[in-house]
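The residues of the chain are indexed from 1 along the displayed sequence.
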Amino acid sequence: MFRASDFKCKEVINLITGERLGFVCDLEIDECSGKILALILPQKGKISIFSKNDRIVIPWDCITKISCDIILVKLII
């Protein structure tokens with residue numbers, strides 16, 4: 001089982017492009033069930049924490065593997 005803070009230490013890599021997307025900065029969680037719906041990453045070169053346009057949202061269904069230091073996703077951007 002993972003804690004929410006564990007995700008911030010993991011780098012996200014897109015298996016389709018081979019691109020390093022960055023590190024998780026936030027999670028989207030269903031309040032009723034407590035399930036994680038999506039991982040949220042800041043877009044490269046963007047440092048704004050207040051704008052929703054400056055982030056990458058990765059739905060939970062796009063995650064293929066979570067290891068001790070990386071998260072592999074299949075995401076078409």
Side-chain angles (χ1 to χ4, degrees):
M1 180 173 324
F2 291 104
R3 292 177 291 175
S5 61
D6 292 338
F7 285 95
K8 290 191 176 194
C9 301
K10 298 180 188 307
E11 185 172 21
V12 180
I13 299 175
N14 188 351
L15 289 173
I16 294 175
T17 62
E19 180 182 10
R20 292 176 155 183
L21 299 176
F23 291 86
V24 178
C25 68
D26 204 356
L27 300 173
E28 185 176 324
I29 299 174
D30 182 309
E31 294 178 16
C32 295
S33 67
K35 291 183 179 181
I36 298 173
L37 301 175
L39 303 178
I40 301 172
L41 287 70
Q43 279 200 347
K44 288 188 176 186
K46 307 277 184 171
I47 310 240
S48 173
I49 60 171
F50 300 108
S51 175
K52 290 185 177 184
N53 296 331
D54 294 338
R55 62 188 192 155
I56 300 170
V57 178
I58 302 172
W60 187 257
D61 296 343
C62 293
I63 297 172
T64 59
K65 177 79 173 174
I66 299 174
S67 73
C68 61
D69 55 351
I70 63 169
I71 299 172
L72 301 175
V73 299
K74 287 187 177 177
L75 183 67
I76 299 173
I77 297 178

What is the distance from atom [atom1] of [X] to atom [atom2] of [Y], rounded to the nearest 0.5 Å?
X	Y	atom1	atom2	result
Ile56	Leu39	CD1	CG	11.0 Å
Ile29	Lys35	CD1	NZ	13.0 Å
Cys62	Ile16	SG	CD1	8.0 Å
Leu41	Lys8	CG	NZ	11.5 Å
Asp26	Arg55	CG	CZ	7.5 Å
Thr64	Leu72	OG1	CG	5.0 Å

Less than 4.5 Å apart, any side-chain heavy atom of Ile70 and any of Lys10?
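No, their side chains stay 4.5 Å or more apart.
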
Any heavy-atom pair between the side chains of Glu19 and Leu21 that's under 4.5 Å?
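Side chain of Leu21 against side chain of Glu19, heavy atoms only: contact under 4.5 Å found.
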
Would Val12 and Leu75 count as a side-chain contact (heavy atoms from CB on, under 4.5 Å) if you check the C-alpha gap in whole Å, the side-chain angles of each, and the deciding distance to 0.1 Å?
CA-CA 11 Å; Val12 180; Leu75 183 67; over 6 Å; no

Heavy-atom closest pair, residues [X] and [Y]:
X	Y	answer
Ala38	Pro59	CB-CA, 4.0 Å
Trp60	Ile66	CH2-CD1, 3.8 Å
Glu28	Val57	OE1-CG1, 4.3 Å

Test side-chain contact (heavy atoms from CB on, under 4.5 Å) on Ile71 and Ile58 and set out the steps.
CA-CA 11 Å; Ile71 299 172; Ile58 302 172; over 6 Å; no

Let me check something: do Val24 and Ile36 share a hydrophobic cluster, defined by ILVMFWY side-chain heavy atoms less than 4.5 Å apart, either directly or through other members?
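Shared cluster, yes.
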
side-chain contact (heavy atoms from CB on, under 4.5 Å) for Leu27 and Ile40? Distances and angles first, verdict last.
CA-CA 6 Å; Leu27 300 173; Ile40 301 172; over 6 Å; no

So if I apply the side chain to side chain contact (heavy atoms under 4.5 Å, CB included) rule between Val73 and each of Ile63, Leu15, Asp61, Ile13, which one comes out positive?
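With Val73 as partner, Ile63, Leu15, Asp61, Ile13 yield a single side chain to side chain contact (heavy atoms under 4.5 Å, CB included), made by Ile63.
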
